[in-house]
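Quick notes on the structure that follows.
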Number of protein chains: 2
Amino acid sequence: MGITERREREKEQRQNAIIDAAETVFFSKGVENATMDEVAEQAELSKGTLYLYFQNKDDLYHAIILRGLNLLHSSFEEAVVKEEKGIDKLNAIGRAYYDFYKQYPEYANAMLHHEGHKIDIECNEKNPFVAHCNETGNKLFGFMQEAVKTGIQDGSLRPDLNPLLVSVVLWAHSNGIMQIIESKGEFFEKMMGIKREDIMDYSFQLMRCYLKNNPG
Amino acid sequence: MGITERREREKEQRQNAIIDAAETVFFSKGVENATMDEVAEQAELSKGTLYLYFQNKDDLYHAIILRGLNLLHSSFEEAVVKEEKGIDKLNAIGRAYYDFYKQYPEYANAMLHHEGHKIDIECNEKNPFVAHCNETGNKLFGFMQEAVKTGIQDGSLRPDLNPLLVSVVLWAHSNGIMQIIESKGEFFEKMMGIKREDIMDYSFQLMRCYLKNNPG
DNA sequence: ATTTATTCTGACTGATAGTCATTTATTAAA
DNA sequence: TTTAATAAATGACTATCAGTCAGAATAAAT
């Protein structure tokens, strides 16, 4: 009786097909300007069907964001595992973040949308994908926190750092950079002659100043 | 013939009254959930009249944001003028930013909305208040940049800093902190036991690490 | 008192997120 | 094979809301 299983599989495939369609539409003209009817047309389904698979437009968007977060999660995990020292783990995480931005700028940009979302514990049933994004986001944050703790213990990071607070600041700092690059990147490039990569590079450089242990 | 002048004055008063009403409505339930009809009712005007004074909802919101930016502008100016050394100017700017957040959390939060806006040079006619916000935002940024330059020259900041890039990073960093406090502040307070002020304080502390000159 | 200019109104339009009674397709039972 | 039961999909419909505009109301000028 593999029918139930097959149905389950088909359901998942259809759900993914809808996310694919939404990605195409949302990324091409921006979520704000994209309509559910357009997603439905791209997916070759009726609008009503979309709502059988997703609670609402925002949750569908978070299904896309979740894909990005999962990619980033893999990269972070890899980064943390392959390096020994705390400072190197953090450098590798920074590198992963940077590469992610370079390789998937649209996912990176979509992530900003999630970062702006207020965490609402009640919303789990109403917005399952939002909830899932929160979970995955917490895991990413956890990787950073662990790396900081490791670094403090192995002496590669300043011993007086507060692991939790410094992780919060690192996270906020990174997202701030991402956001300014997204919203003002073109302006800076055209008017000030500085490239987006320069901003990212430089901010990582400065981060190292407050992280690195300088004995003596 | 002071009629034209009186008319001019009344027009401005009415415009301000509308901004007052919009502030009440937008701040009480959030811009997203607030309608122009509600603003009209609060202002005791018809909806059509709102559109004689403002191009659209977003521009009206930016009229509110502009009030916040102007407050911040005064504080920044005061901060820069009263201090001599570059590092002290920056500290005072940080302090001003912090006080602004404490005293006007709603304006601070509204500012985030503007920071997320892509700069569109074409939009000036269509969204005059957005354009004005951009101008004022640039001035704020200019204060920071000047303070950094001063600090490099007077030796209170690291001599190898790139004034433009470090200003961009400072700006992005600050906004990132603001955003994380807005979106995750409650979460951090309840689940991790860290207050919003702690995050702000700590991030300023860390900023000083990459700014301050440590000779020897 | 009449004309002109200015300000305001609110019913209307268009766009779009989300719903739901109905139809179509699939599987199980007779 | 026919019929009943279950699941998936549809698209016309509703509700909401930003933004418009022809005309009413008010004020100023002649």
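All chains are named by letter (A, B, ...) in the order of the sequence lines, taking the proteins before the strands, and each is independently numbered beginning at 1.
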Expected output is a numbered-order residue list: members of residues 55-66 of chain A with a heavy atom under 4.0 Å from any atom of DNA chain D. What is it?
none
Which residues within residues 31-42 of chain A lie with some heavy atom under 4.0 Å of an atom in DNA chain D?
none
Among B:Ile64, B:Asn138, B:Asn127, B:Leu66, whose side-chain contact (heavy atoms from CB on, under 4.5 Å) with B:Cys133 holds?
B:Leu66
Applying side-chain contact (heavy atoms from CB on, under 4.5 Å) between B:Tyr101 and each of B:Met111, B:Glu182, B:Arg196, report the one that passes.
B:Arg196
For C:dA21, the Watson-Crick or wobble counterpart (both distances under 3.5 Å)
D:dT10
Hey, can you tell me if A:Phe129 and A:Phe54 have their rings parallel, tilted or perpendicular (30° and 60° cut-offs)?
tilted
Over how many whole Å does the gap from A:Phe54 atom CZ to C:dG18 atom P extend?
13 Å
How many Å lie between CD1 on B:Ile18 and P on C:dT7, as a whole number?
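Atom-to-atom, B:Ile18 to C:dT7, this comes out as 13 Å.
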Check: protein-nucleotides 24-26 of chain D nitrogen or oxygen pairs below 3.5 Å:
none

With a 4.0 Å cutoff (strictly under), does any side-chain N or O of B:Tyr51 reach OP1 or OP2 of D:dG19?
yes
Could you walk me through whether A:Arg95 and A:Tyr98 pass the side chain to side chain contact (heavy atoms under 4.5 Å, CB included) test, one step at a time?
CA-CA 5 Å; A:Arg95 182 87 222 158; A:Tyr98 183 89; 4.0 Å; yes
List in chain and number order the residues that pass salt bridge (Lys or Arg N to Asp or Glu O under 4.0 Å) with B:Lys184, two or more places apart in sequence or in another chain; answer none if no residue qualifies.
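B:Lys184 satisfies salt bridge (Lys or Arg N to Asp or Glu O under 4.0 Å) with A:Glu115 once adjacent residues are dropped.
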Residues two or more places apart in sequence or in another chain: which of them pass salt bridge (Lys or Arg N to Asp or Glu O under 4.0 Å) with A:Lys190?
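With neighbours one apart ignored, the set is A:Glu186.
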Quick one, A:Gln55 with A:Lys126, criterion side chain to side chain contact (heavy atoms under 4.5 Å, CB included). Give me CA distance, side-chain angles, the key distance, then yes/no.
CA-CA 7 Å; A:Gln55 297 284 337; A:Lys126 248 186 114 112; 5.6 Å; no
May I ask you to check whether B:Tyr104 and B:Asn109 show a side-chain donor-acceptor distance below 3.5 Å?
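No pair is found: no donor N or O on one side chain lies under 3.5 Å from an acceptor on the other.
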How about A:His117 and A:Asp58: does a side-chain donor come under 3.5 Å of a side-chain acceptor?
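The answer is yes; a qualifying pair exists.
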Under 3.5 Å, which N/O atoms of the protein pair with N/O atoms of nucleotides 9-13 of chain D?
residue : atom : partner : partner atom : Å
D:dA9   : OP1  : A:Arg14 : NH1          : 2.2
D:dA9   : OP2  : A:Tyr53 : OH           : 2.7
D:dT10  : OP2  : A:Ser46 : N            : 2.9
D:dT10  : OP2  : A:Ser46 : OG           : 3.4
D:dT10  : OP2  : A:Thr49 : OG1          : 2.7

Which pair of heavy atoms, one from B:Leu170 and one from B:Ser174, lies closest together, and at what distance?
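Closest approach of B:Leu170 to B:Ser174: O-OG, 2.7 Å.
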Would you check, one step at a time, whether the test side chain to side chain donor-acceptor pair (under 3.5 Å) holds for B:Tyr107 with B:Glu23?
CA-CA 10 Å; B:Tyr107 281 136; B:Glu23 235 180 76; 2.8 Å; yes
